[in-house]
Amino acid sequence: MKLILLLSLFLAPAFAYKESQKTKQNFSSNNTSHKRLKRDWIWNQMHIKEEIDTPLPHHVGKITSSVRNNNAKYIIEGEYANTIFKVEETSGDVYAFERLDREKKAEYELTALIIDRRNNRSLEPPSKFIIKVYDINDNAPVFVQKVFNGSVPEMSPVGTSVTKVTAVDADDPTVTGHATVTYQVIKGDEYFTVDDSGVIFTTRADLDRENQSTYEIIVKAKDAPGFSGDSSTATVIITLTDINDNFPVFKHQSFHFKVPENVSVGGEVGRVKVEDIDEPQHRNTKYSFVRGDYRDTFEIVANPYTNEGIIRPKKPLDFEKVAEYRFDIEATDPTVDLRYFKSGGSRSISTVTIEVTDVDEPPVFTKLPYEFKVRENDPEKKTLGSVWAYDPDAAKRKIRFVRRKASPNGDYIRVSDTGIIQLPKPLDREFSSSYNITVAAQEILEDGRPSDRESHAQVHVIVIDENDNAPELVYPEEPRVCENAAPGKVIIRISATDKDEISPRGFFKYSLATEDSNFSLVENHDNTANITVKYGQFNRELAKIHYLPVIISDNGDPELSSTNTLVISVCKCNEKGDFTFCEERAKQVGVSIQALVAIFVCIFTIIVLLAVIALLILLRKRHKKDLSGLGRNVAEIHEQLVTYDEEGGGEMDTTSYDVSVLNSVRKNGMKPETVPSPYAQVQKPPANPTSGAEKMEIMIEVKKDEADNDRDLLPYDTLHIYGYEGAESIAESLSSLESGSSDSDIDYDFLNDWGPRFKMLAELYGSEPNEDFVY
C-alpha cells in the first residue's frame, strides 16, 4: 500500500503536468479555431435575394464551430431570430421563413451562439453576423409629386431651362441599372423636352404669352433601357411670364371733353384710355402732343395704376379768349423690348377736343398783393392809393370794393366803394408797424344787388417811423451809495430805451441836468453811462436820499430828449464797502392820465345812475300819493276830516286847518272829467300865517308818525289827504259841518261836474240847510 501511495504521489505531478499541457493544447487549438473563424468563416455575412418565389423556407447560410462536442447546440438571437430566421440546432443551417423585401429592410443583424444542451453553458463566446438581402429590379420609378410647376419668360430662345422634375426608384442604386431613371415628354413635346436629369427645356422661340399663357405637359419616368421595369407619369404646368413686348393702343380714335373755364390749374379735364395687352407691371405708357399749339396749356400725366392719360391744365382757362382746344396726342412705351417687337406700329395717335364752358367768374384784381407806405403821424396823408379789379366775363359788370378783415382790428384803414385806400386818422408806428386789410371785390348785378361771387386781395400798409418818442431811462435796480464812498466810485450803470426805431449807428447821449451835485456821469459809448461819486463823503445827517436828474437824448431828426430822475440812497457801510443800513424808501405808486380819466368817468357814471334812480323813486312815491288821494271814497274823506283832535276856533277859523287841500286835484291838473266848469275863479287875499296853521302841521306830522309806527292799521299813509296847494284857496273853511248853510255867494254847483267822487261835497255845499245827512 505504501508503495502504491508513493507511486501515486510521484506520478501525480507528472499526470497533472500532462493534463495541463493537454488543456493548454486544447485551449490553444480552440483559440486557433476561433481566430480562423473570425478570419475565414463566411457566415458572419450571409446573402439572400428578395422576393424569392420558391416555397418557404429559404436557405440563407450555415454557421459552424470547431468545437467537437456531441452535445453542442446552435442557437441565434436578435430582433428577427426565431421569427423570420431560424437555425437548425445540430447542423447550424439558417433558414428564412418569410419572403424578404429589400425596399422594406435591406439587412438583418443576428447573434450566433453554441451551447451545451445539457447545462446550457456556452461552449464559445457569442458572435454577431449580418444577413444582407440582394436587390432585384422590382420597383418602377415614382415621381416625388404628381404635379410640377414651372415658368419661363415668353419669347425665350430654344433650350431655355423651365423647371426640373424628379422621380426616385426604390431599388438598390448600387446594382447597375436597378435605380437608373430616364425621362420622356409624352404630351407637349412640340414645345418642351426633358433630359435624363429631369430638366425641362423649351424647343421653340415663339412662345407668346398673349396667345397662350400656360402649357400642361406630361412627363414619363422609367428604368434605364434594357431593363424591364415599369414607369410612372407626372403633370407639369408651365406658365409663360410676361415681358414688355407690346405697345399701347388708344381705345378710341378721338376723345371729346367739356370743362368749365374756372377749373383749377392742375385739376382734371378728362382721361384718355389705351389698351396694353402686357401685364400691368409692363404698362409704362407715355403720352405726348403730336400736333396742336396748346402743349403749353395742357399736360398729360399717366396714371400708374390704370395706365390712363389724365389731361390737366397748366394755366387758367378763359372762355372769352379760347372756347375750344383741339390737338393730337400719341401713346407709346419706351420700355418695350425691341428684340421681340411685333409688327403693327410702335405708337398710337388720337385726337382730343376740349370744349370750354362759360361760368360766372369772380372779379380779378390787377395786382396782388398791394403795398403802400406812409409816414407815421402824417396829418395830410388821407389817401394811400387804390385797388382795382375787373369782371372777366362778357357781361363786364361794375365792381364794388368792401373791407373784410383788418389786422390790427380797428378803423385804421378804410376802403371806398371804388377801391380807394383811405386813412381816417394818422397812423402810429409804435402801436403797429404795419397794417393789413383784406379787400373783397364784388360784382354789382343789374338790379343793384351785389353778387355772391367775390375775390379777395391783401393790402399791406407799412408805417415809416418818425422820431416822435424821447428815450427813457431803464431802471435796473435801486441805486445806493456808501456815505464814505471815495471819488470815482461807480454807483450804477444806466441805460435807455426808445420806442422809435434805432438805426445801427444810433446812440444815446447822457448828461446831468445840473453839475451842482456830488455825482458825475461818465459815458461808456455803448449806449450806457456810469453814475460815479464826484467828491465823496456824503453826510447822512443832511440828506439820506439824493434826487439826480439825468438828461437822455437820441440822435434822431429832430433830436428828442427826456429828463429822468435817479433816486440815490445814502447808506451806512462797513469797512469792506458792504451796505449795512439803508432807509426804506416809500414806493411810488403812479397812475397814468388815462387811468385817471377812466376812474373819473366811472365815478361820474355811478353818480348819474344813482341820481336817476333816486329821482325815479321820488317820482314814483309822489305818483302813488296822488293816485291814493284820487282813489279814496267819500267815507274815507269824511273819516279823515272828523278824526283829528282839534276842532279849531269855529266856522270863522280859517287858519287852524286849510281846507284848500280838497282842491289839490285841481292844482295838479288831474280832473276826473274834461267837461269845462262854469266855475268862476275867486281870488282871496293872502292870509298871514298864524300859529294855528303851524299847530295843524305839527298835528299832521304826529298823526303820520303814529300811523307809520302802528302795525295794526292798514298799510297806507293818511298824510296824502293834507297836501297844501299854496297860500291861496278858493274854498272857504270846512272846520264846521254847518258851513253848508253859509251865506257865501259862491256857487259850488261845479262840484257836480267833477264826478261821483265829489258828489258828497256837492251835496254839502249845494243842498238846503234843513236837509239831513247821514254818514
Side-chain angles (χ1 to χ4, degrees), residues 140-169 173 179-225 229-251 273-286 302-308 331-348:
V142 177
F143 284 98
V144 294
Q145 58 194 63
K146 287 294 183 181
V147 179
F148 292 86
N149 291 280
S151 62
V152 63
E154 62 174 333
M155 311 301 291
S156 296
V158 175
T160 302
S161 175
V162 179
T163 187
K164 183 178 182 179
V165 295
T166 303
V168 294
D169 195 332
T180 303
V181 180
T182 59
Y183 301 94
Q184 179 184 359
V185 177
I186 60 177
K187 179 185 175 182
D189 54 345
E190 65 271 28
Y191 304 109
F192 303 95
T193 186
V194 62
D195 62 8
D196 291 340
S197 63
V199 179
I200 299 176
F201 301 92
T202 59
T203 59
R204 297 179 58 171
D206 59 350
L207 299 178
D208 192 353
R209 186 198 68 85
E210 286 72 34
N211 295 330
Q212 183 177 348
S213 60
T214 59
Y215 293 85
E216 185 175 304
I217 66 174
I218 296 178
V219 180
K220 181 176 71 173
K222 62 178 182 178
D223 283 333
D230 293 331
S231 63
S232 61
T233 60
T235 301
V236 181
I237 299 176
I238 300 174
T239 302
L240 297 183
T241 58
D242 183 53
I243 64 173
N244 194 4
D245 59 343
N246 293 279
F247 286 96
V249 178
F250 282 108
K251 290 186 177 182
K273 298 182 179 181
V274 296
E275 183 178 9
D276 191 338
I277 58 178
D278 289 326
E279 290 187 349
Q281 67 270 21
H282 292 140
R283 297 172 185 171
N284 301 309
T285 304
K286 301 297 180 183
N303 187 311
Y305 303 102
T306 62
N307 210 33
E308 298 173 320
T332 186
D333 189 346
T335 61
V336 169
D337 194 341
L338 298 179
R339 294 178 300 170
Y340 310 111
F341 169 66
K342 306 180 184 66
S343 61
S346 61
R347 64 179 188 171
S348 177

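All values below were derived from every heavy atom in this structure, side-chain atoms included, with hydrogens, water molecules and symmetry-related copies excluded.
- A donor-acceptor pair under 3.5 Å links the side-chain atoms of Asp278 to the main chain of Asn246, judged by distance alone.
- In this structure, the side chains of Val185 and Val219 come closer than 4.5 Å at one or more pairs of heavy atoms.
- Side-chain atoms of Thr233 never come within 3.5 Å of backbone atoms of Lys220 as a donor-acceptor pair (strictly under, hydrogens ignored).
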>> Does Asp208 form a side chain to side chain contact (heavy atoms under 4.5 Å, CB included) with Met155? I'd like the steps, not just the answer.
In response: CA-CA 6 Å; Asp208 192 353; Met155 311 301 291; 4.2 Å; yes

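- Looking at Ser348, its side chain does come within 3.5 Å of a backbone N or O of Phe250 through a donor-acceptor pair.
- Within the 3.5 Å criterion, the main-chain N or O of Ala167 finds a donor-acceptor partner in the side chain of Tyr183.
- The shortest side-chain heavy-atom distance between Tyr191 and Ile217 does not fall under the 4.5 Å cut-off.
- With values rounded to the nearest 0.5 angstrom, Gln212 atom CD is found 10.5 Å from Thr239 atom OG1.
- The side chain to side chain contact (heavy atoms under 4.5 Å, CB included) test with Phe201 is passed by exactly one of Thr193, Val194, Val152: Thr193.
- Screening Thr214, Val162, Leu207 against Ile238 for a side chain to side chain contact (heavy atoms under 4.5 Å, CB included) leaves a single residue, Val162.
- Side-chain contact check for Asn307 and Asp276: no donor-acceptor pair (N or O, by modelled atom type) lies under 3.5 Å.
- The closest donor-acceptor contact from the side chain of Thr235 to the backbone of Val147 lies at 3.5 Å or more, if one exists at all.
- Between the side chain of Thr202 and the backbone N or O of Gly159 there is at least one donor-acceptor pair closer than 3.5 Å.
- Taking OG1 from Thr180 and NZ from Lys222, the interatomic distance works out to 13.0 Å, rounded to the nearest 0.5 Å.
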